[in-house]
Amino acid sequence: MNLIKRKENVIDPERLPNHVGIIMDGNGRWAQKRGLPRYAGHAAGAKVFKTIAYYARDIGLKNLTVYAFSTENWQRPQEEVSRIMKVLEEFIDDALNTFEKEKVRIRFLGDLSVFTGVLREKMDRIVDATKKFSGLTLNIAMNYGGQNEIVHGAREAARRVLTGEMKPEDITPESFGKLLYFDDCDTVDLVIRPSGEKRLSNFLLWQSAYAEFWYSDILWPDFKPRDLDRAILDYQKRNRRFGRV
Ligand code: IPE
Ligand code: IPE
Ligand code: MG
């Protein structure tokens with residue numbers, strides 16, 4: 001037995017991806033495989049979400065964006081949508097009780113205007129309570145669509161041109177990237193998608209221009225910290241050329 005850990009199988013903390021995105025997919029299939037209703041998969045997926053987010057903090061990641069609910073997911077049955085919202089609310093409740101211990105900065109990425117009432121209040125409270133933390137920033141994409149985000153930026157650019165704050169030629173990839181939902185979230189280095197699907201599904205379209213992809217057949221509720229390790233290790237072995245030689 002080789003007791004010496006091989007260097008190539010250990011994550012290099014100096015070369016972590018600055019921003020990781022995860023498309024948390026496969027909850028429904030996980031439940032169906034067990035003869036359970038789809039919502040049981042969302043409940044199991046939420047637990048894994050919590051484990052992985054705090055693990056990401058422990059290994060020193062600075063930015064993690066998780067795809068929790070897309071602009072397209074409203075087309076699911078009303079009952080399933082309510083269950084997903086409930087599970088998200090439970091995550092926020094838990095975070096409201098534990099944020100001083102966990103020390104993760106939480107934000108929500110997406111068109112948040114649709115969220116009202118108690119859920120919205122809780123979202124605002126957790127964002128406010130955790131804005132002081134500087135370790136991991138966790139962006140939870142809710143009612144998020146990459147195309148909507150780009151349109152949001154385009155409208156803001158148009159508005160600024162109309163008011164004279166900006167000239168059309170001032171709109172560059174750099175300045176435009178700052179007009180997205182967050183002004184500090186314009187690139188993603190590694191996008192992880194479990195569940196076997198090999199598509200972006202409208203996730204971080206602008207930000208993923210030069211992202212590395214990591215796919216796996218694992219369903220999200222089965223995703224383990226070691227799978228995040230695997231994805232990051234794989235990322236660290238890649239040669240990112242950005243068009244150069
Ligand atoms: C991801 O799991 C969760 C959300 C989209 C909210 P799915 O519910 O899409 O699971 P599958 O893809 O049907 O297995
Ligand atoms: C993407 O998964 C959205 C989230 C994980 C929140 P979907 O399950 O909605 O994507 P498609 O429908 O397979 O493209
Ligand atoms: Mg899915």
Side-chain angles (χ1 to χ4, degrees), residues 19-53 55-56 63-95 106-115 119-120 122-123 138-152 180-182 185 188 190-208 211-224 227-228 231:
H19 181 187
V20 174
I22 305 183
I23 301 174
M24 304 188 291
D25 196 20
N27 294 349
R29 279 165 281 174
W30 181 91
Q32 277 160 349
K33 257 176 49 183
R34 286 163 177 74
L36 298 169
R38 288 180 58 87
Y39 66 76
H42 297 309
K47 278 198 191 143
V48 171
F49 161 42
K50 199 174 131 184
T51 304
I52 296 298
Y55 180 70
N63 299 284
L64 174 66
T65 300
V66 293
Y67 207 4
F69 193 84
S70 75
T71 46
E72 287 72 33
N73 288 148
W74 296 106
Q75 298 168 72
R76 295 187 179 200
Q78 174 59 41
E79 167 72 10
E80 180 170 350
V81 170
S82 317
R83 293 280 190 165
I84 295 170
M85 293 302 154
K86 196 84 212 124
V87 150
L88 282 162
E89 191 173 334
E90 282 163 11
F91 172 83
I92 300 170
D93 285 338
D94 181 68
I106 296 175
R107 306 190 294 186
F108 297 94
L109 181 75
D111 173 5
L112 307 183
S113 63
V114 297
F115 300 112
L119 177 61
R120 182 56 191 268
K122 289 178 179 174
M123 288 164 77
L138 172 65
N139 302 309
I140 305 177
M142 271 175 79
N143 191 29
Y144 176 85
Q147 290 185 333
N148 272 3
E149 184 177 29
I150 293 168
V151 167
H152 166 90
L180 299 173
Y181 289 136
F182 293 130
C185 182
V188 63
L190 171 63
V191 172
I192 295 173
R193 182 161 193 163
S195 95
E197 308 301 348
K198 296 183 177 64
R199 54 178 169 261
L200 268 179
S201 300
N202 210 3
F203 185 54
L204 300 181
L205 296 185
W206 175 273
Q207 294 88 337
S208 63
E212 298 294 327
F213 288 100
W214 191 84
Y215 297 108
S216 163
D217 287 337
I218 302 160
L219 302 171
W220 177 249
D222 290 327
F223 197 91
K224 300 279 184 300
D227 297 310
L228 183 61

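Keep in mind the model is a prediction, meaning the values are calculated, not measured. Both counts, for ligands and for their atoms, begin at 1 and track the order of listing. Quick note: numbers below take in every heavy atom, side chains included, and nothing from hydrogens, waters or symmetry partners.
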Ligand 1 atoms nearer than 4.0 angstrom to some heavy atom of Arg38 are 7 (P), 8 (O), 10 (O), 13 (O)

Taking N or O atoms only and a 3.5 Å limit, does Trp30 qualify as a polar contact for ligand 1?
no

Ser201 to ligand 2: N or O pair under 3.5 Å?
yes

Relative to Trp74, does Arg76 satisfy both conditions: NZ or CZ under 6.0 angstrom from the six-membered ring centre, and within 45 degrees of the ring's axis?
no

If you count heavy atoms of other groups shown closer than 6.0 angstrom to OH of Tyr39, is the number above 12?
no

So, for Phe91 and Phe49, is the gap between ring centers shorter than 6.0 Å?
yes

Considering only NZ, NE, NH1 and NH2 on the basic side and carboxylate oxygens on the acidic side, decide whether Arg83 and Glu79 come within less than 4.0 Å.
yes

Closer than 4.0 Å and a protein heavy atom, does any atom meet both conditions relative to atom 12 (O) of ligand 2?
no

Of all the non-hydrogen atoms in the protein, which one sits nearest to atom 10 (O) of ligand 1, and at what distance?
Gly28 N, 2.9 Å

What are the atoms of ligand 1, with element, lying closer than 4.0 Å to any heavy atom of Asp25?
1 (C), 2 (O), 7 (P), 9 (O), 10 (O), 11 (P), 12 (O)

At what distance is the nearest protein heavy atom to atom 6 (C) of ligand 1, and which residue and atom is it?
Ala68 O, 3.3 Å

Looking only at N, O or S atoms, which one in Asp25 sits nearest to the Mg ion (ligand 3)?
OD1

of all protein heavy atoms, closest to atom 2 (O) of ligand 2 is Arg193 NH2, 3.6 Å

Salt bridge or not between Glu90 and Lys122? Use side-chain N to carboxylate O under 4.0 Å.
no

Give the contacting part of Ser195 toward ligand 1: side chain, backbone, both or neither, where contact means a heavy-atom distance below 4.0 Å.
neither

For ligand 2, note which part of Phe203 has a heavy atom under 4.0 Å away: side chain, backbone, both or neither.
neither

Can you tell me which residue among Asn73, Leu109, Asp111 is in a side chain to side chain contact (heavy atoms under 4.5 Å, CB included) with Asn143?
Asp111

Could you tell me whether Arg107 sits above the aromatic face of Phe182, with NZ or CZ closer than 6.0 angstrom to the six-membered ring centre and within 45 degrees of the axis?
yes

So between Arg76, Glu72, His42, Met24, whose heavy atom ends up nearest atom 9 (O) of ligand 1?
Arg76

